[in-house]
Number of protein chains: 2
Amino acid sequence: MAQNRPMSTPGLRERKKARTRQAIQEAAYRLIKENGYEATTVDQIAAAAEVSPATFFRYFPTKEDTIIRDEYDPIMVESWRKHMRDGRSPIATARLVVAETLGHISPADQELFRWRTRLMYSVPALRARVWDNFSQTQTVFAELIGEQLGLPANDIRVLATTGGFIGALISVFEYWSDRPELSVAEVIDTTLSVLEQGI
Amino acid sequence: MAQNRPMSTPGLRERKKARTRQAIQEAAYRLIKENGYEATTVDQIAAAAEVSPATFFRYFPTKEDTIIRDEYDPIMVESWRKHMRDGRSPIATARLVVAETLGHISPADQELFRWRTRLMYSVPALRARVWDNFSQTQTVFAELIGEQLGLPANDIRVLATTGGFIGALISVFEYWSDRPELSVAEVIDTTLSVLEQGI
DNA sequence: CATGAATTGAGAGTAACTCTCAAAAGAGAG
DNA sequence: CTCTCTTTTGAGAGTTACTCTCAATTCATG
């Protein structure tokens with residue numbers, strides 16, 4: 001029973017795991033930046049992070065996950081959950097969530113985020129996972145939109161709406177990833193306006 | 001110069017290629033129906049079709065393509081191109097295209113189509129390719145919608161709109177694939193109505 | 001039928017995973 | 001501190017999708 005331990009010191013074992021994970025993550029970023037995604041092998045990443053290939057897969061289920069995974073998604077979902085019953089429209093809620101989360105990321109992290117996003121759209125293996133990645137948040141959207149329309153979350157009209165939402169976001173993120181002069185907030189703002197007034 | 005030959009008899013070589021392709025396709029369908037997608041190996045399919053594994057890959061770039069590829073997409077694109085300047089709204093054009101193409105497929109082919117679609121949404125490797133598959137038609141959508149809005153096809157508002165379109169279709173096809181009592185036309189119809197009145 | 005071009009099979013190679021098992025290392029009890 | 005119990009790790013073998021090369025076969029054509 002190792003449950004009763006202060007949050008501040010998660011124990012040596014946990015700290016080591018966190019360090020290993022980060023070592024792998026950073027090795028992946030570095031090698032992929034240097035040599036490209038496809039030219040970088042899992043074995044190389046593992047070697048650079050000083051773990052065995054087997055251990056790599058204990059931390060990242062696939063090579064793709066080193067690029068695809070980020071900390072923003074769960075934060076945005078949480079923010080959405082927090083605000084979805086404030087009485088705002090879905091569009092207004094979305095605006096708020098983006099401002100609250102993607103709004104204040106440090107410039108360095110923004111750069112990293114853009115690089116990762118560009119990779120995601122340009123490397124076939126990563127591009128393949130874009131829909132799945134975005135659509136994991138579909139359920140949360142569906143809840144709110146279903147409520148507002150007075151329909152169950154798996155009603156076809158709700159699905160069409162949330163699917164449309166997500167599709168628009170995917171397209172527009174690709175647009176953003178190739179245009180350094182644009183901020184995420186700007187792009188999402190435009191998108192939401194378009195969706196607001198109908199297709 | 002083997003170009004000058006009547007359309008009716010494409011030469012032995014071409015006929016043989018067509019037969020080989022179909023043999024592989026059918027072997028793939030059969031084995032995957034029997035044992036499931038992941039449990040079926042390319043080697044098994046090749047053996048069943050009586051070709052070498054190398055030849056399999058000469059006809060299908062990946063195992064996924066045996067399920068994902070179909071003849072409807074290019075037909076729909078062609079139909080879209082034919083009707084897009086008839087003066088109809090994008091929604092009306094879409095309705096027409098669906099009616100004209102997916103409308104009259106034989107019952108047997110409809111069943112096959114539904115089975116393939118269900119597979120595409122349930123097998124991760126196939127699901128991963130759904131967005132890419134649908135979004136190949138995004139460019140054709142974008143042309144018409146850009147024209148109607150008086151915007152270039154790569155304007156962000158056009159992208160948001162077409163992306164929304166495609167996302168809605170993806171979501172709604174999954175819904176359809178699990179409900180044998182619904183026809184494609186019905187489902188698309190509902191979807192288009194939703195999109196028409198805005199999100 | 002002879003010659004050139006396309007198609008095929010065989011075989012070796014690569015890279016992303018998966019599984020198993022034994023060694024190593026932290027956690028907790030006494 | 002030491003003895004267990006549990007978790008984490010590395011090593012190694014195995015599977016599968018896919019790629020490349022090369023020589024043999026097969027069709028097309030003059």
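The structure presented is a predicted model; accordingly, all values stated were derived computationally and were not measured. So that the names make sense, note that chain A is the first sequence line, chain B the second, and so on, each numbered from 1.
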>> Test salt bridge (charged side-chain N to carboxylate O under 4.0 Å, His left out) on B:E34 and B:R30; report intermediate values, then the result.
In response: CA-CA 6 Å; B:E34 285 172 16; B:R30 185 172 58 77; 3.4 Å; yes
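Under the 4.5 Å side-chain heavy-atom criterion for grouping Ile, Leu, Val, Met, Phe, Trp and Tyr, B:F173 is connected to B:W80 within one hydrophobic cluster.
Separating the CD atom of A:E14 from the C1' atom of D:dT7 is a distance of 10 Å, rounded to the nearest angstrom. In this structure, the CZ atom of A:R58 is 7 Å from the P atom of D:dT9, given to the nearest Å. If you measure from atom NZ of B:K16 to atom C1' of C:dA5, you get 15 Å, rounded to the nearest angstrom. Between the C1' atom of D:dA17 and the NZ atom of A:K63 lies a distance of 14 Å, rounded to the nearest Å. Distance CD (B:E50) to P (C:dG9): 10 Å, rounded to an integer number of Å. Following rounding to the nearest Å, B:F56 (CZ) and D:dC20 (C1') show an atom-to-atom distance of 18 Å. Atom CZ of A:F60 is separated from atom P of D:dT8 by 16 Å (rounded to the nearest Å). Atom CZ in A:R19 sits roughly 15 Å away from atom P in D:dT8 (whole-Å rounding).
Using a 4.0 Å heavy-atom cutoff across all strands shown, A:P61 reaches sugar-phosphate atoms only and no base atom.
Classified by interplanar angle (parallel below 30°, tilted 30° to 60°, perpendicular above 60°), the ring pair B:W115/B:Y29 is perpendicular.
The phosphate of C:dT8 (OP1 or OP2) has a side-chain N or O of B:Y59 nearer than 4.0 angstrom. Considering only side-chain N and O atoms, A:T41 lies nowhere under 4.0 angstrom from the phosphate OP1 or OP2 of C:dA15.
Applying the 3.5 Å distance criterion, the base of C:dG26 shares no donor-acceptor pair with the side chain of A:R15. Not a single donor-acceptor pair, N or O on each side, falls under 3.5 Å between the base of C:dT7 and the side chain of B:R13.
Side-chain proximity of A:S52 to the nucleotides D:dA11, D:dA17, C:dG9 is greatest for D:dA11. Between C:dA10, C:dT18, D:dG10, one nucleotide has an atom nearer to the side chain of A:F57 than all others, and that is C:dT18.
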May I have the list of side-chain donor-acceptor pairs in residues 41-53 of chain A shorter than 3.5 Å, sequence neighbours left out?
residue, atom, partner, partner atom, Å
A:T41, OG1, A:Q44, N, 3.1
A:Q44, OE1, A:T41, N, 3.2
A:S52, OG, A:T55, N, 3.2
A:S52, OG, A:T55, OG1, 3.2

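Comparing B:V51 and A:Y37 by the nucleotide of DNA chain C whose heavy atom lies nearest to each, the residue mapping closer to the 5' end is B:V51. Of the residues near DNA chain C, A:A54 and A:V42, the one whose nearest nucleotide (by heavy atom distance) lies more toward the 5' end is A:V42.
Around atom CZ of A:R179, more than 12 heavy atoms belonging to other residues, nucleotides or ligands sit under 6.0 Å away.
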